[in-house]
Undergrad: 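Before we start, here is the structure in question, set down as structure tokens.
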Amino acid sequence: MISHYLEQASTFARDIDNLILLITLTVGFWFLLAQFLFFGFILKFRAQDGKKAQYISGENKWEKRWVSLPHYATLFFDVLIIIAAIRVWQDVKMTLPQADSTVRVIAQQWAWTFVHPGPDNKLDTADDIRTVDELHVEVNKTYHFELQSRDVLHSFSVPVFRLKQDVIPGRTIKGWFKPTMTGGFDVQCTEICGIGHGIMAARVLIENAADHAAWVKANAPQVAAATPADNVPTGGSR
Amino acid sequence: MAFPRPIATTRSATGIPTGRLAVWWVIASEIVIFGGVLGSYIMHRLGHPDWHYQSAHTNTAAGAFNTLVLLTSSLFAVLAHQAAQQKDGKKAARFLVFTVLGGLTFLIVKGFEWASEIQHGYTLTSNTFWSFYYTAAGLHGFHVLAGMVIMLFVAADARHNRELQRVENIGIYWHFVDVVWIFLFPLLYIAK
Amino acid sequence: MSSATADAGHGHHDQGFIKKYLWSTDHKVIGFQYLFTGMFMALIGGFTVYVFRMQLAFPGMSVPGFGRVTAHDYNSLVTTHGSVMIFWVAMPVLIAALGNYLIPLMIGCDDMVFPRINRLSYQLFLVSSLVLITSFFVDGGAFGGAWTAYPPLSAKAAYNLTPHGAPLWLVAVALEFVAFLLGGINFITTVMNSRAPGMKMFDVPIVVWMIVIASIVFMASVGPLVAGAVMLLFDQTVGTGFFDPSRGGDPVLWQHLFWFFGHPEVYVVLLPAMGIVAEIITVFSRKKLFAYKTVLYTAIGTGVLSFFVWAHHQFVAGIDPRMANIFSVTTLLISIPVAEMVFVYIATLYGGSIRLTTPMLWALAFIGEFLIGGVTGIFLGASGSDIYFHDTYFVVAHFHYTFFPIAFIGSFAAITYWFPKMFGKMLNETWGKVHFWGTIIAFNFIFIPLFLTGARGDHRRIYDYTHFPDLMKAGMQEMRVLATLALVVLLAFQVVFLVNFFYSLVKGKKAEQNPWKANTLEWVAASPPPHGNFPELPTVYRGPYEYSHPEAKDDYWPQNQPPQTA
Amino acid sequence: MSDPAAQAPHGEGHHTNYVKIWGILVVLLVISVLGPFLGHPVVTLFTAFGIALVKAYLVGKHFMHLSLERKWIGYLVFTMLALMLVMVGGVAPDVLKHDGLGWENRAAKQSVEQGNAAGEAAEKAGHGAPGAAPAGEHH
């Protein structure tokens, strides 16, 4: 349903979309049923001259089924949705599969700094590649990300990955994603962070192995290079 | 000028007089307000074992003396209630004034205590422990002050044997403020 | 408004305007004060949304009546819209205005139990409104950190750039809480103690029950946030570090304190609206309320459960992911009592004799529209799908499908239904229906497009989408424009309401004592009721919903009618 | 107009010895102050918070007359306390703890370390050294 509008660019995007579809179908059925009864009753029981309304207290056993039936039905479908939702949640937020690489995402008012591990595939070394508002990743590789903030709350959101995680100053929050298609997509800040919140945009550029290697090669600082151009000390607010 | 009391106020479907019922609801709402501060404090305190270096500088003697003062003022408040039940408004008013004096002593001691702490450099902003210390005790002190003011009005009425049921109501509130202090005392002073 | 008839227990004098309307202790006057203040604040809330929706539809344009919208303005407008509509419109109109007006009348007594505390409550509320309005004009402008006011953004002027606006906003909200605490204690005590003789627990009209349950839920949930507000105010003004991570504080604590109140708050405003609907659908379908006790228990169940769900607002906010599982379960479980309540209302229509008057249309629209808000909530309560939907326009559309029915559809239902009692005049039905259809159709045209943009990834509180290529794909901006145009139409239709309201107030047809042939006690009093309400305080003989009872000679059976006359 | 006080369910014929209760409270206070001198943390926990509970119980029962009040008033007070437990229970995993599944509160850990370091330094320098204690000011 969502995929009709927006690419599924990560492994768990499909799971989340399917969960949304499941919820749509289950609650959609009950929604339509309720609206059908609702409008049906309004049409059927319009006031007519000389016809008195029925006197129904809703307290006897048979009438109580009006309440108990939706009660158990809602409970049943709730359980169904809960199980499906928690399975997805477990996968996206509670497990960290073995990573091929780790990127550090540093948010600040109102820009994103992405620290890529560089040729040695290790963070906090001299060959780290720092970029502003541009995240470069390789397709079909599992990435861990470390979120840090320099000032206020931000939120790291990549709609095509169906991924969202708030960034909290003072904390490091870890998560993962695995891109499944190449291309350039929006990264958004989705937690209000001040005046520039509306322009705090970035792009995630998913490249195939060759392009990504070329990009790393072209951008890796020569070892012991000067301070990066954006003049940001390593490790965010540490 | 006597305010004309609506008939609504004199009804009592629950069997609890309206004023006292309302005081209980006030207390219910106060429990969650203090609960918010103290809950936040307790969570931070348990998460920050280093705070015991800070709390070591609180004045346990002053805190203990203030506990004694509040307990005693509570005794006066309940004796005032007893007097009010015996329709002895004058005696009730006298006990209420003693209660207020207890509150006043409490605030004065608090004032000296805080002044000394601030002199030593422990201010509202010096550390989050002290922020909690002043905020929690300050919120409590504000309630003490409010209780004292209301109590003076109640005492003025009680002296003329008017609105004697209010003696009990303000008393219940005062005991509640006392109970809050009973928990604040170990939380801020004894837990070193 | 006081044709002085008999007067129970009150010394009644001819009072001056100030004494009568501004310094009054009469619950009806205080109800009107809340109502008109709420209506005035709704105009502010409406104006702000007009300005920022125009900016979204036509970025960079000079909005007629405001001018160019800067990013700073935009944040302030969004924040003001949210805070005003919830704290200064929904709360005062649904709980304070209707609670004050209806409770003493519906339970058959002459006033609130503490009339002077009641007056104080309104005065504090008025001060809070004035403080909020003041904050628009101070140096740096109004607070722009969203109605949730998450620190550190809200805590430091260096971050939010509103050195005066932020503390003023906080003070206004805190004062508003105190006002409603005082009001709530009054409501609860009045209903518990001052019911008319013979009125047992299950003879109390549902709307009164709902207001009382809402007041209790409010009182029990707001405490931690009051404490949090004090702490945040110190962070802003004195420089403490309660929520500042660099000084040993924790910003996540505020989120918890806020939502521990914030989620129950939804039910605080929902329940009174549900109560209003219960009163209206029974009258206009001439039916007894289906399963009175079930409605009551579901309301209490909703109130209790609402304390266990708050962290679903924080699934992706950095809370421990394990906690999300617990809150996901509790959140979905709350759908059970709410679904039951809706089904009970639908069942009440069965076998009725339905007349589609204006108040009935509003009440039915509430059920129909609220259903949409309810089912879309499931997407957000389920942790897995909330990862995607969190802070998108899907959320915005979802909670507007709950809050708009609550705050506006519910209020319009109440105002059109009780207008004859409040002012002694009838509203014009034709213009009432014009207003109804205009509002409802426009409302759906605002938020169905927003569901779609939200599903496509539009996130909230963005002032200009042109920075996001994925959000400027074909069809997206058209949706935003459609929503904005529908909003302008909706606002325009409110003029119809205001004109109808004030015209009928002066020139409307005179209302009878009981124009809708309803059972509850307020219709026993004259229209409008004098100071002291009833010529003689009523005694109650039966429940409030005995419509079309086989033993009654009419199709209604007022609560105060002694049995032998039946 | 009837006097609301007359409707009170309690009062007449009931005589609690309030002074005696006060005496017990004072004794309890003394114990809670002396507790920490025993030097055992578990004992202190009981003498401080256990006794606070007993004191609150005594004040509630005898001074606020909860024992004579309608039962549900007690339940009401208890419910509010329980709600606070719910709140703390929901918040503690994020605020009390400094790390969890996939996250770490670096700032809080650092603050604890600094606080400990500053506290130890102050203790070495002797108590009450001016400016020694407020750790927060120095970073």
Side-chain angles (χ1 to χ4, degrees), chain A residues 2 5-6 16 19-20 23 27 31 34-35 37-38 41-42 45-47 51-59 66-67 70-71 74-75 78 81-82 85-86 88-89 92-94 151-153 157 159 162 164-166 168-171 173 185-186 188 190 192-199 201, chain C residues 71-72 145-146 150 152-153 159-161 245 251 286-288 290-291 294 316-318 321 324-325 328-329 332-333 335-336 339-340 343-344 346-347 349-355 371 375 378-379 382-385 387-388 390-391 455-457 459 461-464 467-468 470 548-550 555:
Chain A
I2 303 288
Y5 299 115
L6 199 63
I16 291 181
L19 173 63
I20 292 169
I23 300 175
V27 304
F31 172 72
Q35 294 285 25
L37 290 173
F38 175 64
F41 288 176
I42 294 174
F45 297 107
R46 295 294 287 276
K51 198 174 163 200
K52 216 173 167 183
Q54 300 176 25
Y55 183 80
I56 303 167
S57 71
E59 302 288 353
W66 254 108
V67 179
H71 174 98
T74 320
L75 182 63
D78 273 356
I81 293 171
I82 287 170
I86 288 181
V88 172
W89 179 262
V92 181
K93 294 282 182 184
M94 292 176 65
D151 34 45
V152 299
L153 302 177
S157 168
R162 313 288 187 270
K164 191 172 285 137
Q165 177 61 54
D166 279 17
I168 303 174
R171 297 186 188 207
I173 298 174
F185 304 100
D186 276 348
Q188 314 174 340
T190 52
I192 191 161
C193 57
I195 291 177
H197 172 61
I199 53 167
Chain C
H72 189 94
Y150 282 178
L153 180 66
Y159 294 146
N160 57 43
L161 305 179
R286 315 311 291 167
K287 277 287 305 288
K288 187 182 168 77
F290 189 90
T294 307
V316 297
N325 292 337
S328 201
V329 171
L332 286 190
L333 288 184
S335 66
I336 295 174
E340 279 179 27
F343 267 85
V344 163
I346 294 176
L349 298 174
Y350 179 88
S353 172
I354 297 173
R355 281 184 299 140
L371 259 173
V375 296
I378 307 279
F379 292 91
S383 51
S385 47
I387 302 173
Y388 178 59
H390 179 79
D391 265 351
R456 297 178 67 170
H459 50 301
R461 295 162 182 157
I462 293 299
Y463 129 92
D464 185 353
H467 295 274
F468 297 93
D470 287 359
S548 310
H549 193 283
D555 65 351

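Please read these numbers as outputs of a predicted model, since none were measured by experiment. The chains referred to below are lettered A, B, ... by the order of the sequence lines, with proteins before strands, and numbering in each begins at 1.
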Undergrad: What pair of heavy atoms forms the shortest contact from C:His467 to A:Ala201, and how long is it?
TA: O-CB, 3.6 Å
Undergrad: Going by heavy atoms in the side chains, are A:Gln188 and C:Ile462 under 4.5 Å from each other?
TA: no
Undergrad: So for A:Lys93, is it side chain, backbone, both, or neither that comes closer than 4.5 Å to the heavy atoms of chain C?
TA: both
Undergrad: Would you call the rings of A:Trp66 and C:Phe343 parallel, tilted or perpendicular, taking 30° and 60° as the class edges?
TA: tilted
Undergrad: Which answer fits C:Ala455, side chain, backbone, both or neither, if we ask what part of it has an atom under 4.5 Å from a heavy atom of chain A?
TA: both
Undergrad: Taking the side chain as C-beta and beyond, is there a heavy-atom pair between A:Val67 and C:Glu340 under 4.5 Å?
TA: yes
Undergrad: So, for C:Ser328 and A:Ile82, which heavy atoms are closest and what is the spacing to 0.1 Å?
TA: O-CG1, 4.5 Å
Undergrad: Over all heavy atoms of both residues, which pair between C:Leu349 and A:Phe45 is shortest? Give the atoms and the distance, please.
TA: O-CD1, 3.9 Å
Undergrad: When you measure from the side chain of A:Lys164 to the backbone of C:Val316, do you find a donor-acceptor pair of N or O atoms at a distance under 3.5 Å?
TA: no
Undergrad: Need one label for A:Leu37: side chain, backbone, both or neither, based on atoms under 4.5 Å from any heavy atom in chain C.
TA: both
Undergrad: Which bit of C:Asp464 comes within less than 4.5 Å of chain A, counting heavy atoms only: side chain, backbone, both or neither?
TA: backbone
Undergrad: Could you check whether any side-chain heavy atom of A:Val152 comes within less than 4.5 Å of a side-chain heavy atom of C:Asn160, counting everything from C-beta outward?
TA: no
Undergrad: If you compare all heavy atoms of A:Pro159 against all heavy atoms of C:Tyr388, which two are closest, and at what distance to 0.1 Å?
TA: O-CE1, 3.8 Å
Undergrad: Is the shortest heavy-atom distance from the side chain of A:Ile192 to the side chain of C:Tyr150 under 4.5 Å?
TA: no
Undergrad: With rounding to the nearest 0.5 Å, note down the distance linking CD1 in A:Ile81 to OG in C:Ser335.
TA: 7.5 Å
Undergrad: For a 4.5 angstrom cut-off between non-hydrogen side-chain atoms, does A:Trp89 reach C:Ile387?
TA: yes
Undergrad: Work out which heavy atom in C:Leu332 is nearest to a heavy atom in A:Asp78; give both atom names and the distance.
TA: O-OD2, 2.6 Å
Undergrad: Sort C:Val375 into side chain, backbone, both or neither according to what part of it lies under 4.5 angstrom from a heavy atom of chain A.
TA: both
Undergrad: Please name the pair of heavy atoms, one in A:Ile23 and one in C:Ala382, separated by the smallest distance, quoted to 0.1 Å.
TA: CD1-CB, 3.9 Å
Undergrad: For residues A:His197 and C:Tyr463, determine if any side-chain heavy atom of one lies less than 4.5 Å from a side-chain heavy atom of the other.
TA: no
Undergrad: State, yes or no, whether a side-chain contact exists between C:Pro251 and A:Ile168 at a heavy-atom distance under 4.5 Å.
TA: yes
Undergrad: Where does A:Val92 contact chain C at under 4.5 Å (heavy atoms): side chain, backbone, both or neither?
TA: side chain
Undergrad: How many angstroms lie between NZ in A:Lys51 and CZ in C:Arg286, if you round to the nearest 0.5 Å?
TA: 15.5 Å
Undergrad: If I measure from the heavy atoms of chain C, does A:Ile56 come under 4.5 Å with its side chain, its backbone, both, or neither?
TA: both
Undergrad: So how far is it from C:Ile336 CD1 to A:Leu75 CG, rounded to the nearest 0.5 Å?
TA: 4.0 Å
Undergrad: Report which part of A:Ile20 has an atom under 4.5 Å of a heavy atom belonging to chain C: side chain, backbone, both, or neither.
TA: both
